[in-house]
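Values in this document were obtained by computation on a predicted structure and should not be read as measured data.
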Amino acid sequence: MSRTLKANRRSLRVWALILLVSFCVLGGGYWLYYQSVEQAVYSTTLSFMEQIADHDHLNIINQMDSKTEYLQVILNRINAARESRFEDVLYNLGVEAKTTSFHTLYLITTDGEAYNSSYLKSSLQDMPWADEFQRADGRFAIRYDEVSREKWGEFLVYGVRLAEPVLCGEKEINGAVGLVSIEEIADQMRLESFDGQGIAVVMQKSGDIITASQQYSTPDNNFLTPLARAQFKNGGSLEACLQAVEQGESLFVEYSLDGSSYYALFQSLDHHAGNEWYLVVRVSTQVTEDQVKTLISRSLPFFLVLGALILLVTYFIYHTVNAAKVARASEQAKSAFLANMSHEIRTPLNGIVGLQYLMRQSLDDPKKLKGYLKKAEVSASFLQSVITDVLDMSKIESGQLELYPKEMDLKLLMEEVQVLLENQVENKGLQFRLDCGGLKQPLVEGDALRVKQILTNLLGNAVKFTPEGGEVSLTVNQEPAGGLVRTVFQVADTGCGMSPEFLQRIWTPFEQERRVASQNGTGLGTTLSKTLAEKMGGSISVESQLGKGTVFTVSIPFPAAAPSGEKGPAEDSPDAAWSLNGKRILAVEDNEINRMIVVSILEEQGCQLTEARNGQEALEAFEASAPSWFDLILMDVQMPVMDGNEAARRIRALSRPDASTVPIIAMTANAFSEDVEKALASGMDDVATKPLDIKLLLKKIATIKEREGIS
């Protein structure tokens, strides 16, 4: 699994965790808010019910008191006017009945007679409220339903019985009774705050309904009877209701009945009037549910915004922490990279400096000088490989690495790799085996430079980790299929091997398993090899066992190439009879030491050298020369005043016959393929990269014999 895929999965897990935590926090907060809203609405509803009950209670009591007090006033007036005739008192009683809310007024005499405001006399015993009057010790109030033919309706009976009768004419009056329509007391019970979803009921302790704030009835006109079927909540019960009513206590219950849920508040109306009435305020729980839904629906946008803010804040925190983590990791990687590169660059550089000192001390000993020079070449070659690896890795990370496939002969390429490896194997006392028996179609299309780079990296590691007397091998096999030739390179060694833990991170840049004291390197070889193989459409794998060795397998599908008849690398070698002796060469190099080295080497070959320090001097020297004077121009690329590419373009643009034919070879430290292409595009014929491989440079110069004008 690639590091990118692992990083993506880790990032997805982190975001899933963040979303889960955010959802839990938001959900928990929403649940707590919902509970608090529900509790607040519940408490508010209960408070409103208590306020309504207190209001209705007070209104009913005030009404009852006002009615009994009015009866008391009538009796007091009669007592004050002892000389009045009884007929006059009855007349005044009729006037009182018409000018007040009383429907009918009665005066009760001590001889058991009841005289009403309509001047009718009846026996007290015939009155439905007679027993209540006779039992009363002062004031009383009861419900009375009149169903006679002459009069019918629902009434409240208010009465006052005197402790001592008063004399009115020849009659002794024992008390007064008044009938008031029950609608009057119902008008005092309003539940506007609950939009008609509540009802106030006045009942007796037995549950018999006296009146209600709106139309309400049961089969037996009893409020408590249906509660036997109710399902009470929060610990309530019918027994608790009956006990509270019996003891004259207030009680709040919640219950479900016939598919609906209610809150009910019981409050005693027992007072000095001597009644045993109860006021019940009942409200549907839908009231609280509607209010909760309204509040919650209004708060949803807030919670959505809050959720978005939580996610934004969480993302910002995560992004900041992750950025800080990446910055720290980058800083640590940079420090580790600089420390590693410092070691890898200083090690061969220190060797070169030390060898220079030893060579100065051994100028009179050619044998020692030759040995020191050989070691210096090895150190310089290693230093070059370190720099190349670092630059290639930089281009890979910036996405600028390009492949330049051309026709190549894998058999010749393997021979070149073998030549490159011979010195390393010989110096370490190893055996190297090359098996190309499986090469069925050696001519393919590919980037020979990058293939060689993969193999030299892997073979270099194999040599590095294989002790003296061990074996390193390179085996090549092919499987042609259609237009592609799948080529498998297998690099094996009998070295120290790698641990399973290190195999998990072997493809990570700069990773090294430091178990060999003499080990050196950048830790980029395997990373570059993997990247290059995958960029060619191939793959790379590794198998290793500690103490037994390692096997790298590289598989690349190359397009097959038809033989073109062109000369291969082996045919590029110059004619042995051809020589540079007497050739006139213009050497353009801004660095004095590099220029001195090139001039000295070519002078040893018998060449005549003209020197230039920048492109402008080179252009002027060429313009000042006679036609066909220079046989070759060696052109550095990066120079002050005028660079090599510009100088080459201007030389080619000159109006003289040799301007377009004189061979120009670039000498550049820019070893990337695009830099080579840029040099060739400016008019140069070939490119030699720095540090200069002297043998390769002489080989390139020798090829000018095939150019027109060179003899």
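Partners of Ser297 by side chain to side chain donor-acceptor pair (under 3.5 Å), not counting sequence neighbours: none found. Contacts of Glu534 classified as salt bridge (Lys or Arg N to Asp or Glu O under 4.0 Å), with partners at least two apart in sequence or in another chain: Lys530. Residues satisfying the side-chain contact (heavy atoms from CB on, under 4.5 Å) test with Glu164, not counting sequence neighbours, are none. Every residue meeting the salt bridge (Lys or Arg N to Asp or Glu O under 4.0 Å) condition with Asp111, not counting sequence neighbours, appears here in chain and number order: Lys171. Residues satisfying the side-chain contact (heavy atoms from CB on, under 4.5 Å) test with Glu246, not counting sequence neighbours, are none. Under the salt bridge (Lys or Arg N to Asp or Glu O under 4.0 Å) criterion, Asp131 pairs with no residue, sequence neighbours left out.
Considering only heavy atoms from C-beta on, Val177 comes within 4.5 Å of Leu179 through its side chain. No side-chain heavy atom of Val157 sits under 4.5 Å from any side-chain heavy atom of Met127. At least one side-chain heavy atom of Lys67 sits under 4.5 Å from a side-chain heavy atom of Val180. Using a 4.5 Å heavy-atom threshold, the side chains of Phe223 and Thr218 count as separate. Using a 4.5 Å heavy-atom threshold, the side chains of Val245 and Leu251 count as separate. Glu69 places a side-chain heavy atom less than 4.5 Å from the side chain of Arg139.
The two atoms that bring Gly178 and Leu105 nearest to each other are CA-CD2, 3.8 Å, heavy atoms only.
Taking the six-membered ring wherever Trp is involved, the centroid distance between the rings of Tyr106 and Trp129 falls below 6.0 Å.
With rounding to the nearest 0.5 angstrom, the CG atom of Leu279 is 9.5 Å from the CE atom of Met203. Put simply, CD1 on Ile108 and CG on Asn116 are 9.5 Å apart, with the number rounded to the nearest 0.5 Å. Taking OG1 of Thr527 as the reference point, atom CD1 of Ile540 lies at 10.0 Å (rounded to 0.5 Å). One finds the CG atom of Asn174 at 11.0 Å from the CG atom of Leu107 (value rounded to the nearest 0.5 Å). Once rounded to the nearest 0.5 Å, the distance linking NE2 of His103 with CG of Leu156 reads 13.0 Å. The NZ atom of Lys205 sits 6.5 Å away from atom OG of Ser268, with the distance rounded to the nearest 0.5 Å.
With Asn76 contributing its side chain and Gln72 its backbone, the two residues share a donor-acceptor pair below 3.5 Å. Under a 3.5 Å cut-off, the side chain of Arg161 and the backbone N or O of Gln134 do form a donor-acceptor pair. With Tyr278 contributing its side chain and Glu249 its backbone, the two residues share a donor-acceptor pair below 3.5 Å. Put simply, the side chain of Ser47 never gets that close to the backbone of Ser43: no donor and acceptor are under 3.5 Å apart.
Relative orientation of the Phe102 and Tyr70 rings is tilted, given thresholds of 30° and 60° on the angle between their planes. Below 30°, between 30° and 60°, or above 60°: for Tyr262 and Tyr255 the angle between ring planes is between 30° and 60°, a tilted geometry. Taking the six-membered ring where tryptophan is involved, the planes of Tyr115 and Phe86 are perpendicular, since the angle between them exceeds 60° and thus also 30°. Using bins of under 30°, 30° to 60° and over 60° for the plane-to-plane angle, the ring pair Phe133/Phe140 lands in the perpendicular bin.
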Where do Phe266 and Leu224 land on the side chain to side chain contact (heavy atoms under 4.5 Å, CB included) test, with the steps shown first? CA-CA 11 Å; Phe266 292 80; Leu224 296 177; 4.0 Å; yes

Stepwise side chain to side chain contact (heavy atoms under 4.5 Å, CB included) check, Glu254 with Thr285: CA-CA 8 Å; Glu254 181 180 354; Thr285 58; 4.0 Å; yes

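Remark: Glu87 CD is packed, more than 12 non-hydrogen atoms of other residues, nucleotides or ligands lying under 6.0 Å away.
Between the side chains of Thr104 and Ser117, no donor-acceptor pair of N or O atoms lies under 3.5 Å.
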